[in-house]
Amino acid sequence: MSEHYDLLIRGGTLVDGTGAPRSAGAIGVRDGRIAAVGDVTGTADRSLDAEGAIVAPGFIDIHTHYDAQVFWDRMLSISPWHGVTSVVMGNCGFGVAPTRPAHRELILRTLERVEGMSLEALLAGVGRDWPFESFPQFLDALERRGTAINVGALVGHTPVRLHVMGEEATEREATEAEVAAMRALVLEALRAGALGFATSKSPTHVGDAGRPVPSRVASLAEIETLASCLGETGHGVMQATIGPGFFMSELADIARRTARPVTWTALLGGMLGPDGHRGVLEQSAALQAEGVAVIPQVSCRPLMVEFQMKAPFPLESMSLFRPVSQADAAGKKRIYADPAFRAALRERTEAGPLGGRFADMQITEHPPDASLAERRLGDVADERGVTPVDLMLDLALASDLETRFRLAILNTDPAIVAELLAHPATMLGLSDAGAHASQLCDACAPTELLGTWARERGTLALEDAVRRLTGQPADVFGLCDRGRLAVGLAADLVVFDAAAVGCGPLRRVWDLPAGADRLVSDARGIRAVVVNGVPIRAEGRDIVDPEGPLPGRVLRGGIRR
């Protein structure tokens, strides 16, 4: 008797997510799961022709910030455009749950500042009447709402700390009783299905009114106590954004004590000097050989940030910018015009490596004079006989702070990026999808990896590139039924043309709530995206109704699915 399937994908070349060599074959799907792989015959309600294309597991993006966007964009664009079928949000310790009603606007203001989100868009998209307060209620709300792709969430240190300590969370260390209350919230979240616990000590994470985000004020002992919940529940990862006094030795101690993976953000080219990354790679490999899973996240894209001086995110970690962060628009203008501020900024930048970065900065948009678009700041400064710092501030003031600049921060040397991507101790992360929407767009990392680093540069074999996007993140994050092409696993699939796959140039659109803007990148070569057996995209367009039933699932850690 002939087998019958809900979906049959024929004629493709299978790359199964394990790193094994590719093979010709078909995929039969029934009830949202892979029912047959390889030499598959039979009938189907729906067929996809994958002739000349690769059939792979759906891509998993472990580092996103869709926590707010999911409440106005059930499609979670643009991730599925680039073959992503599962995302993990709540990274860097940020999130929207648990949150007391009195703290909702404070949480949104924190996201506005630290993740470069528009407060107007957040208020219009999420609103003030949230359908949850606790983390379990948050996961339940996601489940009721439905999404096009699968979503998992880390429980974040910042909302947990705010929930217990209120606004004092940004000002002082916690008492023993407060740490115990936080630990209870983290345990509650993990038992409800959080994929792990996330925190940050990064100096770049500056929150509302220029204050450090709550997790930065926490003691190491507090972080260790909250991370111990991972060991108690026996599942989940810790995601850490590193900072002073919170790096390899501290992360290794936590991984040893909990016997759970720790993945950190991010090992980027240039952050430790021209060769400093090599020592970290060697240390990571040695720890992993001992069974201590400390895994640096790396990126396949340069860290390039577009910004305006009304929200100077890449500069706000400088103490000099603390008054700027606290000021309104008029106050910012007064500071930028102040000769003392300018002199201090010149002194801090021109003597060190940041001075070169200022000179190399691009002017991407200057409304009073369109001819300056895409010109190097240093070149225009030379023409005008001023310093790059003064020109940047002059242009900002002349445009009512609307001028946009593009700053290359890290990961700009292709040779170092290749080393990071190819090293077996690393994993792909830091897409930041959903965050810094008007400043950058790295949600296209999967197609960049396949197009630039697998096909064009040959840094990774196609099979290993797919493993980096599928099987490896599924293993680290405990997504036991995703990330591979095998009978019985969830039918999250992507069909792509290996000769054409890639990401297009960034373009700015105004499609967020309240008309806010964001940068997006179109995918090339993605033929089809399937989530839990349901095709959601074909040939570059959505083929499900974003207002109707959607196939995504909430991925709950530690709970058999």
If I compare all heavy atoms of M117 with all of G434, which pair ends up nearest, and what's the gap?
CE-O, 3.4 Å
Working to the nearest 0.5 angstrom, can you tell me the gap between S299 OG and L449 CG?
9.5 Å
Under 3.5 Å, is there a donor-acceptor pair between the Y66 and T147 side chains?
no
Any donor-acceptor pair under 3.5 Å from T85 side chain to V531 backbone:
no
Any donor-acceptor pair under 3.5 Å linking the side chain of N150 with the backbone of R553?
yes
In the structure I gave you, are the side-chain heavy atoms of F197 and V160 within less than 4.5 Å of one another anywhere?
no
Does the T64 side chain pair with the main chain of D432, one donor and one acceptor, at a distance under 3.5 Å?
no
Main chain of R211, side chain of R216: is a donor-acceptor contact present, judged purely on distance under 3.5 Å?
no
Do side-chain atoms of R100 reach the backbone of H163 as a donor and acceptor pair under 3.5 angstrom?
yes
Give me the ring orientation class for W264 and F247: parallel if the planes are under 30° apart, tilted from 30 to 60°, perpendicular past 60°.
perpendicular
Is the shortest heavy-atom distance from the side chain of N91 to the side chain of T241 under 4.5 Å?
no
Looking at side-chain heavy atoms only, is the closest gap between L185 and F135 below 4.5 Å?
no
Would you indicate whether the side-chain heavy atoms of L268 and L420 approach each other to under 4.5 Å?
no
Check the surroundings of atom CG in D129: do more than 12 heavy atoms from other residues, nucleotides or ligands lie under 6.0 Å from it?
no
Taking the six-membered ring for Trp, are the ring centroids of W130 and F138 within less than 6.0 Å of each other?
no
Is the shortest side-chain heavy-atom distance between E306 and R508 below 4.5 Å?
yes
Checking the side chain of N532 only, and the main-chain atoms of P551 only, is there a donor and an acceptor separated by less than 3.5 Å?
yes
Does the pair E105/R109 count as a salt bridge with the N-to-O cut at 4.0 Å?
yes
Just checking, is any N or O donor in the side chain of T204 or S202 under 3.5 Å from an acceptor N or O on the other one?
yes
Looking only at heavy atoms, what is the nearest atom pair of S284 and M248, with distance?
OG-CE, 3.5 Å
Exam field: side chain R104 to backbone R128, donor-acceptor pair closer than 3.5 Å
yes
Give a yes or no answer on whether the side chain of S521 reaches the backbone of L506 with a donor-acceptor pair at less than 3.5 Å.
no
Do any N or O atoms from the side chain of E448 and from the backbone of C444 form a donor-acceptor pair under 3.5 angstrom?
no
Salt bridge or not between D481 and R556? Use side-chain N to carboxylate O under 4.0 Å.
no
Residue that, paired with Q239, satisfies side chain to side chain donor-acceptor pair (under 3.5 Å) out of T199, T263, T265
T265
Take S431 and D61 through the test side-chain hydrogen bond (donor to acceptor under 3.5 Å, both in side chains) and record every step on the way to the result.
CA-CA 7 Å; S431 86; D61 187 342; 2.5 Å; yes
Residue that, paired with T426, satisfies side chain to side chain donor-acceptor pair (under 3.5 Å) out of Q472, Q297, R468, E419
R468
Using modelled atom types and a 3.5 Å cut-off, is there a donor and acceptor pairing between side-chain atoms of R257 and backbone atoms of S228?
no
Would you call E232-R191 a salt bridge at under 4.0 Å N-O?
yes
Report yes if some heavy atom in the side chain of E171 is under 4.5 Å from a heavy atom in the side chain of M165; otherwise report no.
no
